[in-house]
Each structure stands twice: as structure tokens, then as C-alpha cells.
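Each remark here refers to the structure printed beneath this line.
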Amino acid sequence: MAGPAQEELAALAAIFCGPGEWEVLGRSESDGPVFRILTKAEGPTEADIPLELVFHLPVSYPSCLPGVSVSSEHLTRAQRVAVRDKLLEQARNLLSEPMVHQLVLWVQQNLRHILAQPGSGGGPGKCPAASTAGDEGPWMTLLHLDHMRAKSKYVKTVLRWASDLGLTGRLMFMGKVILILLQGHRDTIKVLTGVSGASENLQSGRGLEWEEVQREDGQRAV
């Protein structure tokens with residue numbers, strides 16, 4: 001991991017030191033770190049809205065935009081997408097310097113304005129090094145889980161994150177084997193998985209939808 005990114009992670013860990021505010025979800029020398037920040041921001045009614053922000057810092061960061069995911073049970077999917085797009089729009093003004101803390105402060109100060117006039121924003125930007133990824137078509141990633149604790153909670157979380165990131169796929173239980181199949185943009189998939197070595201990347205032009213199927217042998221796919 002590059003020095004500036006490592007220093008930024010250390011600073012963020014010190015800033016967001018409250019219970020549950022900070023968690024590193026994955027580290028990779030080839031893909032960069034993925035981490036989560038829990039914060040609150042004032043909404044249109046002046047009530048605080050809890051936000052879960054997941055950031056992925058590519059190896060070329062901060063010359064390249066970070067990956068961003070926004071989750072909140074108090075926001076609709078359209079609102080979460082609008083907040084994410086506005087964050088990425090703001091990030092374009094901060095390229096070449098550590099920006100995560102500034103982005104968190106910015107969303108804390110501007111969430112109520114974003115929700116008042118949601119808009120779709122400009123969508124995620126692409127760095128020059130990753131510009132060809134958007135032309136490769138959808139990526140598919142197959143994850144094998146060793147085990148799963150609190151199954152119902154885990155399934156709910158995976159479905160919510162996938163929906164927030166615009167991913168499709170299936171969660172499959174085949175005896176003791178647990179597999180997650182995801183399809184979408186490569187950088188977006190990396191935000192969700194967080195671990196580069198845990199998946200097999202495939203290419204496909206065919207879409208999948210999340211669905212739950214009860215098989216005759218008792219195995220279940222979602």
C-alpha cells in the first residue's frame with residue numbers, strides 16, 4: 001500500500017474512533033484497501049440520518065477517484081445513489097490529495113441539500129488506467145465462503161449492499177458449500193468484496209437477477 005494511503009488510513013482510524021465508526025473490510029497490495037465509516041448527517045427535517053460509507057482506494061489513489069458505496073435504512077435506493085454520485089462529483093475536485101475525511105465532512109454538511117433536490121448526479125468517474133474496464137462488459141465474480149455466522153442477517157446485508165451498488169447475482173447454499181455470484185462493473189464488485197484473492201473473475205454479457213429458489217433437495221439459491 002502506498003505511503004499516502006497508509007497515512008490517510010491511520011488518520012481516519014484516529015478520527016473515527018467511536019464504537020463501530022471505523023472498520024477495515026479488506027487490504028490488498030494489488031487492489032488497495034476497502035473500509036467502512038459510520039457517521040450521521042442532518043436530513044431535510046433536521047433529524048440526524050445514519051450513514052454507512054464504504055470506500056475503496058485503488059492503488060493509483062489519490063490520482064484516481066475512490067470507489068464509494070452509501071447505505072442507510074432511512075434513505076431510498078434513489079436517494080442513496082444521488083448521495084453517492086454527489087460524493088464522486090465532489091471527489092473530482094479533490095484529486096491528487098487525500099480526500100476521504102473531506103468527503104465525509106462534505107456529506108455531513110450537505111446531505112439535507114442533496115435530499116431536497118436529489119438528482120442523479122454525474123455517476124462514478126473513471127481513471128485513465130481503468131478507462132478500458134467500462135468497455136469490457138459486465139464482470140462476474142464467484143466467491144466461496146468458508147462459513148457464515150448469523151445467516152439471515154448476513155444474507156440481508158449482502159442483498160442490501162448489492163442493491164446499493166447496482167450489482168446482480170445469486171447467493172447459493174449447496175450443502176456445506178456457500179457461493180456468492182456477483183455481476184456488474186469490476187470496480188464496483190471490488191468495493192463489495194474487498195479481497196482480491198477471494199474470487200474468480202469471469203466475463204459474461206448475460207445478466208442475472210437476485211431470486212430465491214427452494215430446490216427439491218433443500219438447497220437454496222438467492
Side-chain angles (χ1 to χ4, degrees), residues 1-41 50-72 80 83-111 122-134 139 141 143-146 157-158 161-162 164-165 167 180 182 184-201:
M1 188 186 307
Q6 183 65 49
E7 293 175 3
E8 184 173 12
L9 287 183
L12 291 170
I15 294 170
F16 300 101
C17 57
E21 284 186 340
W22 166 263
E23 182 181 4
V24 176
L25 303 177
R27 296 177 184 267
S28 170
E29 293 295 331
S30 59
D31 293 327
V34 178
F35 53 90
R36 177 174 60 199
I37 294 174
L38 299 183
T39 187
K40 294 181 180 180
L51 295 175
E52 179 180 302
L53 307 175
V54 177
F55 293 92
H56 167 226
L57 306 186
V59 290
S60 53
Y61 172 88
S63 298
C64 177
L65 293 179
V68 181
S69 168
V70 178
S71 299
S72 176
R80 295 193 297 268
V83 174
R84 181 199 63 189
D85 289 348
K86 290 297 184 181
L87 277 169
L88 289 169
E89 183 179 313
Q90 180 67 15
R92 292 188 184 94
N93 300 323
L94 301 172
L95 284 173
S96 300
E97 61 181 271
M99 67 180 76
V100 173
H101 186 222
Q102 294 185 63
L103 291 176
V104 175
L105 292 177
W106 185 86
V107 77
Q108 288 174 339
Q109 297 167 1
N110 291 277
L111 180 65
K126 299 181 178 65
C127 1
S131 60
T132 58
W139 273 65
T141 296
L143 302 177
H144 175 215
L145 302 183
D146 293 332
T157 300
V158 169
W161 283 6
D164 291 344
L165 292 168
L167 300 175
I180 300 179
L182 296 170
H185 191 277
R186 177 175 58 179
D187 291 341
T188 305
I189 288 177
K190 287 178 181 179
V191 172
L192 182 61
T193 60
V195 182
S196 63
S199 62
E200 177 182 359
N201 291 324

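Small disclaimer: the values here were computed from a predicted structure and weren't measured. No hydrogens, no waters, no symmetry mates; every other heavy atom, side chains included, goes into these values.
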Taking only residues two or more places apart in sequence or in another chain, which ones pass side-chain hydrogen bond (donor to acceptor under 3.5 Å, both in side chains) with Q108? T39
Taken in chain and number order and not counting sequence neighbours, the residues that satisfy ring pair (Phe, Tyr, Trp, His ring centres under 6.0 Å) with W106 are none
In a check of side chain to side chain contact (heavy atoms under 4.5 Å, CB included) between P66 and each of V54, L57, V34, which one passes? L57
Would you give the length of the straight line joining atom OG of S69 to atom NE2 of H56, rounded to the nearest 0.5 angstrom? 13.0 Å
Could you grab the distance from atom CG of L53 to atom CG of L103, nearest 0.5 Å is fine? 9.0 Å
Working to the nearest 0.5 angstrom, can you tell me the gap between H101 NE2 and L94 CG? 12.5 Å
Where G32 and V59 come nearest, the two heavy atoms and their spacing: N-CG1, 4.0 Å
Shortest non-hydrogen contact from V104 to V107? O-CG1, 3.2 Å
Is there a side-chain contact between I37 and V100 in this structure, where contact means two heavy atoms from C-beta onward sitting under 4.5 Å apart? yes
Taking every heavy atom of R80 against every heavy atom of V70, the minimum-distance pair comes out as CD-O, 3.4 Å
What residues, two or more places apart in sequence or in another chain, satisfy side chain to side chain contact (heavy atoms under 4.5 Å, CB included) together with P98? E8, Y61
Tell me, with the steps shown, if F55 and L9 meet side chain to side chain contact (heavy atoms under 4.5 Å, CB included). CA-CA 11 Å; F55 293 92; L9 287 183; over 6 Å; no
In Å, rounded to the nearest 0.5 Å, how long is the span from CH2 of W22 to CG of L12? 4.5 Å
CA sep, side-chain torsions, deciding dist, call: L51, L111, side chain to side chain contact (heavy atoms under 4.5 Å, CB included): CA-CA 10 Å; L51 295 175; L111 180 65; 4.2 Å; yes
